[in-house]
Amino acid sequence: MWVLQIPQFVRHVPSQSHLCYTSHVSSRVPVSFVSLNPSANLINDINSNNNQLIQSLCKGGNLKQALHLLCCEPNPTQQTFEHLIYSCAQKNSLSYGLDVHRCLVDSGFDQDPFLATKLINMYYELGSIDRARKVFDETRERTIYVWNALFRALAMVGHGKELLDLYIQMNWIGTPSDRFTYTYVLKACVVSELSVCPLRKGKEIHAHILRHGYEANIHVMTTLLDVYAKFGSVSYANSVFCAMPTKNFVSWSAMIACFAKNEMPMKALELFQLMMFEACNSVPNSVTMVNVLQACAGLAALEQGKLIHGYILRRQLDSILPVLNALITMYGRCGEILMGQRVFDNMKKRDVVSWNSLISIYGMHGFGKKAIQIFENMIHQGVSPSYISFITVLGACSHAGLVEEGKILFESMLSKYRIHPGMEHYACMVDLLGRANRLGEAIKLIEDMHFEPGPTVWGSLLGSCRIHCNVELAERASTVLFELEPRNAGNYVLLADIYAEAKLWSEAKSVMKLLEARGLQKLPGCSWIEVKRKVYSFVSVDEHNPQIEEIHALLVKLSNEMKAQGYVPQTNVVLYDLDEEEKERIVLGHSEKLAVAFGLINTAKGETIRIRKNLRLCEDCHAVTKFISKFANREILVRDVNRFHHFRDGVCSCGDYW
DNA sequence: TTAGGGTTAG
């Protein structure tokens with residue numbers, strides 16, 4: 001006869017052992033291998049059988065029964081608890097996890113560092129970081145596994161400062177770090193809210209790594225590379241990459257990502273080519289492809305992007321969500337909105353990022369209503385909008401001047417979707433109102449913000465002041481901006497632009513002097529064009545292109561044609577009080593016009609010209625490109641720093657609202 | 001026992 005017998009098997013269980021048997025589980029266990037009056041050997045066999053049964057129940061996912069059985073098992077083993085802890089995390093059950101933890105304490109395993117490690121992992125996975133920390137605090141023998149488990153948890157939830165404080169403590173008591181410790185500590189630098197400069201902290205950890213001989217560890221060094229990349233220290237990242245004795249596809253991908261994300265997309269593509277030709281053991285995977293697609297998007301290099309798309313198809317990486325999402329963005333940012341839509345339509349599975357990507361590309365192209373329609377469709381399909389969804393859709397409203405629609409969406413964020421508007425959303429709203437010349441409403445919104453407005457918000461206001469030439473408000477915005485980000489040259493240039501537009505030449509001059517005095521430089525205008533899979537770059541008044549004379553001659557010819565039709569060069573964009581002829585010469589040499597002329601010369605008749613520019617398109621370039629699109633009967637696509645302009649037959653898709 | 005690079009905005 002098989003019956004439940006508990007007390008007679010309780011041997012070593014600590015004083016609170018009764019707790020073990022008064023857990024939330026039922027006191028009646030349906031199945032047990034425990035028999036009446038067994039011999040000592042039999043008891044051992046039975047215990048072993050029970051432990052094995054608990055473990056197999058865990059493996060089978062039957063956690064409830066495993067817990068039932070644990071309640072009548074007087075000698076649970078370390079392995080049994082390991083299985084139970086693992087199952088609780090797998091089942092995502094905090095209440096079972098707490099039960100297992102309670103039984104573990106009752107069984108005297110609470111000071112077992114192996115199980116403490118597992119408990120910390122479990123609590124992290126169950127989202128209870130405080131309990132993970134408590135386990136750590138209560139564990140007296142802290143092996144490196146125990147430290148690393150907590151470090152991992154803290155790094156993953158973004159508690160960088162706590163992690164780094166503990167790391168100091170660990171060093172102080174003399175526990176040596178291992179290769180895993182360094183990866184977590186490095187990650188903490190990125191996610192920390194440190195009082196000291198996090199990059200400096202990263203360099204300190206770099207020194208620790210070198211001192212302790214981990215410079216050859218591929219994981220540690222790739223993480224270090226990535227830390228430098230995330231701080232925008234491309235040269236440091238590159239030095240780490242070059243110094244790595246062995247590299248694999250992860251290290252190559254991390255360096256490609258570093259270039260792609262730090263506005264060096266050309267370098268990213270060059271490195272990818274090198275990886276393909278030189279690093280035979282480093283086959284790119286889906287992550288590499290995402291990074292490369294980002295680089296193509298950054299360059300607006302459609303032909304390269306298409307080649308990468310082909311490679312993705314050949315390698316059968318086209319079912320991976322981030323790859324497809326990156327493809328949507330790549331096509332959109334290269335001006336091929338319909339190709340982006342096609343990728344989206346053919347996706348078997350979509351996530352919120354896929355929807356955001358599509359909303360974003362329509363918004364960037366000025367199709368605000370379509371972007372809102374996609375946003376609504378997403379909600380209709382049961383996908384909850386994210387924080388970023390609202391940035392994209394509000395941005396779309398801004399590009400299209402959809403003020404009322406934007407205001408309704410902004411209001412709905414909290415009331416309908418329980419998303420608190422953040423800095424980026426306020427920046428979008430200020431941009432939306434400001435562009436629409438509702439500067440009073442924009443400033444009111446800033447004044448009513450329930451947190452301190454940051455540089456993005458004031459920057460949006462200053463940008464709007466530039467469009468509507470509002471000197472007074474521009475001075476107010478720039479006073480704050482010079483305080484918040486004194487090293488951002490763009491703000492000085494914007495204010496000088498506004499003064500120049502208002503013909504306040506001495507004020508414009510003093511702002512530019514201030515810029516120089518602070519050791520800053522105006523970001524030179526630069527435009528890129530891809531012709532026959534090669535990307536050409538132009539800076540203003542460029543003299544280096546071998547075809548420069550031909551380009552100039554064409555521009556002068558076009559300018560004369562335009563003048564004959566009433567065009568007057570808009571030289572007010574020139575910041576200095578020069579004579580009109582000189583100003584005209586400068587404006588005619590703007591990088592974007594040089595790139596358009598180069599495109600006209602080097603592409604076939606009827607072929608679309610695609611340009612990318614690093615700044616906002618100036619009024620004169622906009623007017624000239626409109627004319628060229630009609631005169632030369634060419635479709636011209638220009639992506640400036642904010643959005644797309646489709647020039648066709650003398651008209652721009654932005655409706656002159658940008 | 002634990003680890004590195006990824007998609008959307010501005």
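These numbers were taken from a predicted model, which means no experiment stands behind them. Naming convention: chains lettered A, B, ... in sequence-line order (proteins, then strands); numbering from 1 in each chain.
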Name the nucleic acid region contacted by Ile218(A), choosing base, sugar-phosphate or nothing; use a 4.0 angstrom heavy-atom cut-off, strictly under.
base

Base, sugar-phosphate or nothing for Ser460(A)? Non-hydrogen atoms, less than 4.0 Å.
nothing

Gap between atoms NZ and C1', on Lys187(A) and dG4(B) respectively (whole Å)
7 Å

Does Asn248(A) make a side-chain donor-acceptor contact with the base of dG4(B), cut-off 3.5 Å?
yes

When rounded to whole Å, the CG to P distance for the pair Asn614(A) and dG10(B) reads 17 Å

When we call it a touch if two heavy atoms are under 4.0 Å apart, what does Phe249(A) touch: a base, just sugar-phosphate, or nothing?
base

Which part of the nucleic acid, if any, lies within contact of Lys247(A), taking any heavy atom under 4.0 Å across all strands shown: a base, the sugar-phosphate backbone alone, or nothing?
nothing

In whole angstrom, what separates Leu293(A)'s CG from dG6(B)'s C1'?
11 Å

Against the six-membered ring of Phe344(A), is Arg350(A) placed for a cation-pi contact (under 6.0 Å from the centre, within 45° of the normal)?
yes

For a quick check of understanding: with a heavy-atom distance under 4.0 Å over all strands, which category does Thr288(A) fall into, base, sugar-phosphate or nothing?
base

Between the base of dG10(B) and the side chain of Asn642(A), is one N or O donor paired with an acceptor at under 3.5 angstrom?
no

Figure out the CZ/P separation between Arg179(A) and dA3(B), and round it to whole Å.
11 Å

NA contact type, Thr117(A), heavy-atom cut-off 4.0 Å: base, sugar-phosphate, or nothing?
base

Suppose we call a contact any N or O donor and acceptor under 3.5 Å apart; does that hold for the side chain of Thr223(A) and the base of dG4(B)?
no

Report which part of the nucleic acid Asn148(A) touches: base, sugar-phosphate, or nothing (heavy-atom distance under 4.0 Å, all strands).
base

